[in-house]
Amino acid sequence: MLTTLKTAYTDTRAHDLAWDLGRAPLPALACMDVELEDTRVQLRLLGASHQVLLGEEYGSCSETVACLPGRSTPLPLGVSKRFGEWEYEFAARVERLSPGSFAGRAQELLALVADHPNGFAGTFPGAPSAFTALLVQRHEGQIRWRTWHSYPQEGCLVSTRTRVATRVREGLGGVPGPGGPVTVPVCGPAMA
């Protein structure tokens, strides 16, 4: 789904982005709810940033990539965390492209996300190459999502990849559940 965000594009920079795990829901410009089998996912557009919320009976997860007040740590290239039985992996990459390459790549990504049933992208009025896009899916018992944040004024495209899954419990003998290994996405402190 493609939406036009009801706000002007502000002159933010790719290096202003920070990553946070477990942050409470932030005010969003637009949201999309997705059901992936037994998992609820909410994709949230925060302007030139995103928040993904996973919630289900076993816990919840909140991933935020945004310009966060008081956070001066740059966006990490990779994070791998374990929370009890849960695994969370995050990777980010910043690409600097020529103006022609940037515009073409922006349109390609917007078309990919707009045509996907679990894709969500927001563009800014008067700035068609300025966007935030998210795509979520369940793959081999894991929840995975990709995001793209564009910064046309500097020719930068920030892309992220996230994977959330459980490890097989030793006490269960590694017996998979229906459709494969038991996988429950939980990656941070439970949200209120």
Side-chain angles (χ1 to χ4, degrees), residues 1-36 39-81 83 86 88-94 109-110 113-114 116 118-125 127 129-137 143-154 156-164 185-192:
M1 180 170 90
L2 184 59
T3 187
T4 301
L5 301 172
K6 306 287 189 241
T7 188
Y9 181 70
T10 57
D11 190 23
T12 59
R13 306 244 178 258
H15 74 272
D16 293 335
L17 287 177
W19 167 87
D20 195 21
L21 188 62
R23 183 173 286 261
L26 296 171
L29 297 173
C31 299
M32 179 175 152
D33 293 315
V34 177
E35 289 284 333
L36 298 173
T39 305
R40 294 182 323 273
V41 182
Q42 186 174 70
L43 306 176
R44 301 169 64 83
L45 299 175
L46 312 176
S49 53
H50 81 266
Q51 191 169 47
V52 175
L53 306 176
L54 299 179
E56 67 165 75
E57 64 192 47
Y58 300 105
S60 60
C61 169
S62 167
E63 175 191 274
T64 306
V65 172
C67 301
L68 300 169
R71 298 286 302 258
S72 59
T73 305
L75 189 65
L77 295 177
V79 175
S80 182
K81 290 190 171 267
F83 298 92
W86 321 116
Y88 170 90
E89 291 179 5
F90 171 86
R93 185 175 93 168
V94 179
L109 288 169
L110 286 172
V113 173
H116 194 284
N118 298 328
F120 189 41
T123 60
F124 294 87
S129 292
F131 67 90
T132 300
L134 302 96
L135 192 146
V136 64
Q137 58 191 351
I143 302 295
R144 297 179 181 199
W145 60 88
R146 296 198 57 195
T147 72
W148 299 271
H149 306 256
S150 73
Y151 298 90
Q153 75 281 7
E154 59 183 2
C156 283
L157 183 65
V158 178
S159 58
T160 72
R161 290 178 184 257
T162 302
R163 180 188 71 86
V164 181
V186 175
C187 62
M191 298 178 347

Trainee: Check side-chain hydrogen bond (donor to acceptor under 3.5 Å, both in side chains) between T64 and all other residues, then give those that pass, not counting sequence neighbours.
Mentor: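 For T64, the residues satisfying side-chain hydrogen bond (donor to acceptor under 3.5 Å, both in side chains) (neighbours in sequence not counted) are Q51.
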Trainee: Mind checking the CD1-CG spacing from I143 to L36? Nearest 0.5 Å is all I need.
Mentor: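 Separation between the atoms: 4.5 Å.
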Trainee: Under the side-chain hydrogen bond (donor to acceptor under 3.5 Å, both in side chains) test, which residues partner T123, sequence neighbours left out?
Mentor: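 With neighbours one apart ignored, the set is empty.
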Trainee: Under the rule for salt bridge (charged side-chain N to carboxylate O under 4.0 Å, His left out), what residues qualify as partners of R93, not counting sequence neighbours?
Mentor: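 Partners of R93 under the salt bridge (charged side-chain N to carboxylate O under 4.0 Å, His left out) test: E95.
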Trainee: Do F131 and L5 touch side chain to side chain, with heavy atoms closer than 4.5 Å?
Mentor: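 Of all side-chain heavy-atom pairs linking L5 with F131, none is under 4.5 Å.
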Trainee: Under the 3.5 angstrom rule, does the side chain of S62 hit a backbone N or O of R23 as a donor-acceptor pair?
Mentor: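 Yes: the side chain of S62 pairs with the backbone of R23.
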Trainee: When you look at R40 and E35, which way does the side chain to side chain contact (heavy atoms under 4.5 Å, CB included) test go after all the steps?
Mentor: CA-CA 5 Å; R40 294 182 323 273; E35 289 284 333; 2.9 Å; yes
Trainee: Would you compute the distance between atom OH of Y88 and atom OG1 of T162 and round it to the nearest 0.5 angstrom?
Mentor: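 Going from the OH atom of Y88 to the OG1 atom of T162 covers 4.5 Å.
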Trainee: For a quick test of reading the model, state the closest non-hydrogen atom pair linking A92 to P76 and the distance between them.
Mentor: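 Smallest heavy-atom distance, with atoms named: CB-O, 3.3 Å.
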Trainee: State, with a plain yes or no, whether a side-chain heavy atom of V41 is found less than 4.5 Å away from one of L53.
Mentor: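 No. Closest side-chain heavy atoms not under 4.5 Å.
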Trainee: State, with a plain yes or no, whether a side-chain heavy atom of F120 is found less than 4.5 Å away from one of V34.
Mentor: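 The answer is no, as the side chains (C-beta and beyond) never meet within the 4.5 Å cut-off.
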Trainee: Under the criterion side-chain contact (heavy atoms from CB on, under 4.5 Å), which of L134, T147, L17 is the partner of T160?
Mentor: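 Among L134, T147, L17, the one that satisfies the side-chain contact (heavy atoms from CB on, under 4.5 Å) with T160 is T147.
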Trainee: Rounded to the nearest 0.5 Å, what's the gap from CG on L26 to OG on S49? Could you check?
Mentor: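 So the CG of L26 and the OG of S49 are separated by 8.0 Å.
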Trainee: I need the single residue from R161, R163, E63 that forms a side-chain contact (heavy atoms from CB on, under 4.5 Å) with W145. Which is it?
Mentor: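 Exactly one pass, corresponding to E63.
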Trainee: Return the set of residues passing side-chain hydrogen bond (donor to acceptor under 3.5 Å, both in side chains) with R146 (not counting sequence neighbours), or none when no residue passes.
Mentor: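 Scan of R146 (side-chain hydrogen bond (donor to acceptor under 3.5 Å, both in side chains), adjacent residues dropped) gives none.
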Trainee: For the side chain of S150 and the backbone of S129, is there at least one donor-acceptor N/O pair under 3.5 Å apart?
Mentor: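 Looks like yes, one N/O pair under 3.5 Å.
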Trainee: Once side-chain hydrogen bond (donor to acceptor under 3.5 Å, both in side chains) is applied, do any residues pair with Q137, and if so which ones, sequence neighbours excluded?
Mentor: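 By the side-chain hydrogen bond (donor to acceptor under 3.5 Å, both in side chains) rule, Q137 matches no residue at all.
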Trainee: Looking only at non-hydrogen atoms, find the nearest pair between A14 and V94 and report the distance.
Mentor: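 Scanning both residues, the minimum pair turns out to be CB-CG1, 4.4 Å.
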Trainee: Taking atom OG1 of T132 and atom CG of L43, what is their separation to the nearest 0.5 Å?
Mentor: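 Here the interatomic distance stands at 12.0 Å.
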Trainee: Report the residues that fulfil side-chain contact (heavy atoms from CB on, under 4.5 Å) with A28, sequence neighbours left out, ordered by chain and then residue number.
Mentor: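 A28 satisfies side-chain contact (heavy atoms from CB on, under 4.5 Å) with C31, R44, L46 only.
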Trainee: How long is the span from the CZ atom in R144 to the CG atom in L135, to the nearest 0.5 Å?
Mentor: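 Answer for the CZ-CG pair, R144 versus L135, is 12.5 Å.
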Trainee: Evaluate V79 against L21 for side chain to side chain contact (heavy atoms under 4.5 Å, CB included), listing each step before the verdict.
Mentor: CA-CA 10 Å; V79 175; L21 188 62; 6.0 Å; no
Trainee: Answer whether the closest heavy-atom distance between the side chains of L75 and F90 falls below 4.5 Å.
Mentor: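 Result yes, sub-4.5 Å side-chain heavy-atom pair found.
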